[in-house]
Every structure is written in structure tokens, then in C-alpha cells.
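Indexing begins at 1, ligand by ligand and atom by atom, following the structure's order.
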Amino acid sequence: MSFSSLELPKYVLKSLERENYQKPYPIQEMAIPAVLQKKDILGIAQTGSGKTASYVLPILVNLEGIETPSDRHPSTLVLVPTRELAIQVADVFKKFAEAMPYRCKSLAVYGGVSVDGQMQNMRNVSILVATPGRLLDLLDSNAVQLSAVNTLVLDEADKMLNLGFKEEMDEILSFLPEKRQNLLFSATLSPHIENVRSVLLNDPLVIQIEKKEQSIELINQTAYSVKLEQKGPLLRHLIKEKKMQQVLIFTSTVHQANVVTQKLNQNNIDAEAIHGKQTQRERTAALKDFKNGHLRVLVATDLLSRGIDIQSLPFVINYQLPRSPKDFVHRIGRTGRADNSGEALTFVTEEDEHHFKVIQKKMKKFVDRIENEEVTNMISHKYQKK
Ligand code: AMP
């Protein structure tokens, strides 16, 4: 199947070509025609499946002929659970909106930054991508009205419910017109999602894309048996030896993320940390630099293990194991996205052995191991001293 058989206008096909999207992913094949026909959708799909473009493209096409919204009255509302995802989704809208022969301004609004700039930018916005809390603030201060919304998207709805946004979502829904198209995306089909589905969706097309867990086959995994004090030297050795130009390192605590970053910088390896104790401005800047390829190493806590898409990220390193096996799969899933292979390297101390066994069992994959003797040989004494 090709994009041209999905009844997308020529200018959209051109922009797909420019982005090197050669053929639609399965979710796009199914969702795009249905969204164009203004049907409701329940998409069970993870990040990496191409779900964002599956709603962004037809929503942009559907905007044709719709009058530029009167001021501060967006016609599409996308609700997302995290600030980073808000920025990412709005960026996809912006990327494809450029090719449209009519105006379709999008804006991301999220907490952690000043509300003033967002209020000012709200003029003539057609597509508003928002985290629930900030949207309610903006509604409270009359900076935006939702009475013209004809399309609602809930992206990562399961995560929104896990993070306890249910009440806020309900409040937001009360501001929306009853007649509208609803698109609901979730990584899993939990009882929560079934509930939301029953109140929100009208005879939806249900699309279920195979779980991300099954596509970890694309990722080359290696585990290294290490002593605690070898982690730093091994990390530096691997970054240099494998000529890593873009690597995402996961730690399990904010403190460790800062320590690892500092140590790398002392060794002239350009690194920044990203975690929940930073300001949103710092988080956004670090992630942007990393995505653009301006920053070589990003050291993150599990804040970044879900939802965030980094195109063709070649390396992920688990400097520390996450508590949950699910998070392990999410972490390594930042690489090997779509059709690209990637490498995930995991440091395992003696204390981690039992937990790592559990992770491998849950992931249904046994990871190749570099034994400690070999690790010790790899890191020359020059590294160990630092
Ligand atoms: P998503 O699941 O929406 O986060 O998308 C995952 C990644 O796949 C993003 O980097 C997209 O740019 C990319 N992508 C989405 N659809 C296609 C496609 N049809 N061909 C190539 N890349 C795509």
C-alpha cells in the first residue's frame, strides 16, 4: 500500500516524500482513511508505531475549508500527559502544516513555563496540543474557548489515566461541544480505557497494532557484568570505542543522572542531564539539542523512557536498571524505532543479577553477556584512574 492510495492531497504526498516516509505504517493505513471520513477511532498502539502522523495528517487535511477559527477558538484539541509529548506532537503538526495551502497554526501549551507567552501565542490557533492542568489554567483565565472544537484527540490516554488526570479530563470534556470527532490512542486496552471508550467514542474503528514488546527484536542487546567502580570507565570506553555520536543513558535516580553527566563532562564528553528536578526550560532545551544532534549524550531518568520519539537513535545505555521490567522495555525501545536497528547496552552488577533475570524473563529475551574479565580488559588502567 502507498500513501497515494489513502486519498491524501498532492501537497501532503509531497511533504511525506520530503520527510522520507515511503509507505504508510499499518496504523496509518487504517486510521488515515477513517479520520478523513470523520469517524471516531480507538487506536491501541505504542509510540514508535507512527500513530502521531496517523492523526496529524488527516486532521490537517480535514481543516481545509474550515474557516480560520475566530480568535482563541481552536478547532482541534489534542490532550497529552507530558510536556515533552506536547512539544513533540505540536512539532509534527508544524512540520506537516508547512505544506498546506491554507493556514493551520498549532500551539503546544503545558505547565512549568510562564503562561503569558502561551496566552499571547493563542491567536488564530487551529490546533491546540495541551497537558490537562495548563489547559484548565488557560480556560480559567479565558485565554481560550473550546466551543469550536470539532476534533478531540487523547494521546497516550492510558498514561493520562495512570497519572491521575481523570478529573481534569472530565472537566475539560464539559467545555467541549457534544458533536465532535474523537480519536483515542492508548498503549494498552485497560479497564480504564474501556470506560473512557464507552463515554467518549461513537461506533469507533478499533485499530490494534502489535505491542512494542514484540518489536524489540530489532534491537541488538548486550549486557556487561560490571563492578560498581567500573561503570564510569566502561561508559567512557564504550562511548569512544563505538564512536557514539548520539547516546541516551538511563539512570534510576536524579542524583546519579547528575553525577554521570558531570563525570562525562570532566572527561570532555559533551553531556547533559534531563530529569524532573530541572526547570521545564532546561528540560526542553536539553531534549531539543539532543534531538537535533547538537548534544552527544543525554543522561535521563525514567521520565524520558516513554512517549518520546528520537528518530534513528542509535544507542541506549542502561547505566542503572529500572525497577520495573516494563520500563526497561520502554527505555530500550527509544532505539530500534520503526525500521531502524539500534543498540541497547546494559550494565549489570552482581547485586542486579536477580533483577536482570526477572527483566529478561518478562521481556522474553535472553541478552548476550560480556563477562567481567573481558570488561576489566576493555577498560585500560588509564580510564580506571579517572
Ligand atoms: P510515533 O509513533 O508517532 O512517535 O512515530 C515514530 C517515528 O516514526 C517518528 O519518528 C516518525 O517520524 C516516524 N514515522 C512515522 N510514520 C512513518 C512512515 N510512514 N515512514 C517513515 N517514518 C515514519
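Side-chain contact between Pro314 and Met244 is absent, with no heavy atoms from C-beta onward closer than 4.5 Å.
Between Gly50 and ligand 1, a contact under 3.5 Å exists for at least one N or O pair. Remark: ligand 1 and Tyr21 share an N or O pair separated by less than 3.5 Å (distance only, no angle test). For ligand 1, none of its N or O atoms has an N or O atom of Lys95 under 3.5 Å away. The shortest N/O to N/O separation between Tyr25 and ligand 1 falls below 3.5 Å. An N or O contact shorter than 3.5 Å is missing between Asn20 and ligand 1 by distance.
Contacts between Phe3 and ligand 1, counted as non-hydrogen atom pairs separated by less than 4.0 Å, involve the side chain only.
In this structure, Phe185 and Tyr55 have tilted ring planes: the angle between them lies in the 30° to 60° band. Using cut-offs of 30° and 60° for the angle between ring planes, the Tyr319 and Phe347 rings count as tilted.
Salt-bridge check for Arg323 with Asp302: failed, with every basic side-chain N at 4.0 Å or more from each acidic carboxylate O. Ion pairing between a basic and an acidic side chain is recognised when a charged N comes within 4.0 Å of a carboxylate O; Asp270 and Arg296 show no such pairing.
Heavy-atom separations between Glu19 and ligand 1 are all 4.0 Å or longer.
Side-chain contact of Thr284 with Gln280: a donor-acceptor pair under 3.5 Å is present, judged by distance alone.
Against a heavy-atom cut-off of under 4.0 Å, Thr52 is close to the following atoms of ligand 1: 1 (P), 3 (O), 4 (O).
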